**Student:** 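Okay, here's the structure, questions in a sec.
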Number of protein chains: 2
Amino acid sequence: MSRPCPQHQHPHRLIQQPLSDLTDKLRQGELKITAPRQAILDVLRKHSSPLTIKEIHTSLGKLDCDLATIYRNMHTLERMGLVRRYDFGDGAARFELSPEDSDAHHHHLVCSRCARIVELDDCFLNEFQDQLAHRHGFTQISHRMEFFGICPNCQAP
Amino acid sequence: MSRPCPQHQHPHRLIQQPLSDLTDKLRQGELKITAPRQAILDVLRKHSSPLTIKEIHTSLGKLDCDLATIYRNMHTLERMGLVRRYDFGDGAARFELSPEDSDAHHHHLVCSRCARIVELDDCFLNEFQDQLAHRHGFTQISHRMEFFGICPNCQAP
DNA sequence: CTGAAGATTGCAAACCGCTTGCATCTTCAA
DNA sequence: TTGAAGATGCAAGCGGTTTGCAATCTTCAG
């Protein structure tokens with residue numbers, strides 16, 4: 001199934017692309033380069049796991065823009081493929097930068113107590129998902145998968 | 001991976017247990033047998049795929065109980081293991097009767113346009129999930145997985 | 001460099017699914 | 001039959017998210 005190669009454990013997490021890269025992508029998408037936009041992308045670049053809107057907002061610190069602005073920007077950036085949205089079932093969407101390889105994706109192991117997030121290897125479901133689509137006549141197939149449990153820190157001593 | 005045995009395609013969908021069975025389970029759980037409770041279970045027994053609270057409410061028809069009552073009951077029934085909760089990411093929880101084999105579970109293929117739901121075979125992730133828990137030191141591991149796509153009916157003609 | 005067009009923002013109000021406090025009603029064991 | 005525990009209806013409230021609108025900012029052609 002997935003390969004537990006240690007070097008591959010967190011491959012595309014700390015995304016290294018220079019800011020100019022992102023700026024270019026914004027321009028390509030006919031998006032204007034605004035302070036909130038840049039700051040949001042900055043925050044996401046600094047974190048390795050998905051953040052909620054609130055977390056993004058507080059991480060913005062000095063540049064304290066409106067929540068509605070962040071919500072709107074996350075939609076825009078998602079539509080452009082720059083960020084990816086996750087839903088861990090606690091009622092708040094989370095976002096992280098898309099990996100450079102836009103076809104790749106991965107899943108998460110989330111602690112139900114402290115919400116610590118472990119990023120897993122690249123997904124191994126693509127082949128299965130294609131079979132499924134074919135069998136049931138579906139197109140534009142995709143999937144969501146998350147794992148939940150109690151992380152080592154949260155297990156009673 | 002999963003076996004596409006046609007007879008097994010929708011094995012535990014139409015749950016056949018007589019109502020008295022459910023009644024017994026309610027009693028065991030020290031739950032009182034009330035009209036809304038019975039009606040909700042009735043509605044779930046008549047449907048093969050997960051229903052939202054709204055759908056349950058309108059399906060109740062004549063017995064038009066309060067939404068809060070349904071919400072509260074779904075919690076209770078879930079805690080008792082009588083129903084299972086699903087989250088397809090559209091912001092509304094969905095519920096279906098638990099299969100008789102309470103260890104078994106399955107996943108869904110959901111049409112992103114019309115919300116048609118295809119019930120899939122029993123899950124094949126248990127082994128993988130256990131490996132994952134062991135590798136990362138997590139306990140009480142569980143997972144969610146859903147597939148999305150455009151169903152045959154919704155594909156442009 | 002400037003101004004106009006259009007995108008973006010902040011603010012406030014609204015929305016939606018869901019939860020909760022409270023008074024009243026129902027169930028069920030004794 | 002009766003009363004305690006549990007369940008319901010109603011209305012208010014909550015958290016995450018969306019939206020209408022007027023003001024502001026980015027961009028680019030001139």
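Keep in mind it's a predicted model, so treat the numbers as computed, not measured. Per chain, numbering begins at 1; letters A, B, ... match sequence-line order.
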**Student:** Between B:T69 and D:dG9, is there a contact of a side-chain N or O with OP1 or OP2 at under 4.0 Å?
**Tutor:**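 So the side chain of B:T69 is within the cut-off, an N or O lying under 4.0 Å from OP1 or OP2 of D:dG9.
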**Student:** Whole angstrom is fine here: how far is it from CG in B:N73 over to P in D:dA7?
**Tutor:**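 Going from B:N73 (CG) to D:dA7 (P), I get 8 Å.
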**Student:** In whole Å, I'd like the distance from the CG atom of B:L63 to the P atom of C:dT26.
**Tutor:**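 The answer, rounded to whole Å, is 13 Å.
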**Student:** Show each protein N/O and nucleotides 3-7 of chain C N/O combination with a separation under 3.5 Å, one pair to a line.
**Tutor:**
| from | atom 1 | to | atom 2 | distance (Å) |
| --- | --- | --- | --- | --- |
| C:dG6 | N2 | A:K32 | NZ | 2.9 |
| C:dG6 | N3 | A:K32 | NZ | 3.3 |
| C:dA7 | O4' | A:K32 | NZ | 3.1 |

**Student:** Roughly, in whole Å, what's the span from CD1 in B:I70 to P in C:dT20?
**Tutor:**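 In whole Å, C:dT20 P and B:I70 CD1 are 17 Å from each other.
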**Student:** Whole-Å distance between C:dT26 C1' and B:Q38 CD?
**Tutor:**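 Answer to the nearest Å: 13 Å.
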**Student:** side-chain hydrogen bond (donor to acceptor under 3.5 Å, both in side chains) with A:T52: which residues, sequence neighbours excluded?
**Tutor:**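 A:E55.
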**Student:** Indicate every side-chain donor-acceptor pair of residues 61-68 of chain A with a distance under 3.5 Å to a residue at least two apart or in another chain.
**Tutor:**
| from | atom 1 | to | atom 2 | distance (Å) |
| --- | --- | --- | --- | --- |
| A:D64 | OD1 | A:H57 | NE2 | 2.9 |
| A:D66 | OD2 | A:A68 | N | 2.8 |

**Student:** Quick one: do B:F138 and A:F148 satisfy side chain to side chain contact (heavy atoms under 4.5 Å, CB included)? Show the steps, please.
**Tutor:** CA-CA 9 Å; B:F138 275 57; A:F148 302 94; over 6 Å; no
**Student:** According to salt bridge (Lys or Arg N to Asp or Glu O under 4.0 Å), who are the partners of B:R94, at least two apart in sequence or on a separate chain?
**Tutor:**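 B:R94: salt bridge (Lys or Arg N to Asp or Glu O under 4.0 Å) contacts with B:D90.
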**Student:** Below 3.5 Å between N/O atoms, which protein atoms pair up with nucleotides 13-18 of chain D? Just atom names and distances, please.
**Tutor:**
| from | atom 1 | to | atom 2 | distance (Å) |
| --- | --- | --- | --- | --- |
| D:dG16 | OP2 | A:K54 | NZ | 3.1 |
| D:dG16 | O3' | A:G91 | O | 3.1 |
| D:dT17 | OP1 | A:A93 | N | 3.0 |
| D:dT17 | OP2 | A:Y71 | OH | 2.7 |
| D:dT18 | OP1 | A:H75 | NE2 | 2.9 |
| D:dT18 | OP2 | A:H75 | NE2 | 2.9 |

**Student:** side-chain contact (heavy atoms from CB on, under 4.5 Å) with B:V43: which of B:K46, B:R45, B:H47?
**Tutor:**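 With B:V43 as partner, B:K46, B:R45, B:H47 yield a single side-chain contact (heavy atoms from CB on, under 4.5 Å), made by B:H47.
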**Student:** Nearest 0.5 Å, what's the CG-CD1 distance between A:L109 and B:I141?
**Tutor:**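 Answer for the CG-CD1 pair, A:L109 versus B:I141, is 5.0 Å.
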**Student:** How many whole angstroms separate atom CG of A:L60 from atom C1' of C:dG10?
**Tutor:**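 Atom CG in A:L60 sits about 15 Å away from atom C1' in C:dG10.
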**Student:** Rounded off to whole Å, could you give me the CG-to-C1' distance for the B:D66 and C:dG21 pair?
**Tutor:**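 B:D66 atom CG is separated from C:dG21 atom C1' by 14 Å.
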**Student:** Which residue pairs satisfy the ring pair (Phe, Tyr, Trp, His ring centres under 6.0 Å) criterion with at least one member in residues 66-86 of chain B, sequence neighbours excluded?
**Tutor:**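 Residue pairs passing ring pair (Phe, Tyr, Trp, His ring centres under 6.0 Å), neighbours aside: B:Y86-B:H108.
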**Student:** Would the A:F128 and B:F124 ring centres measure less than 6.0 Å apart?
**Tutor:**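 For A:F128 and B:F124, the ring centres are under 6.0 Å apart.
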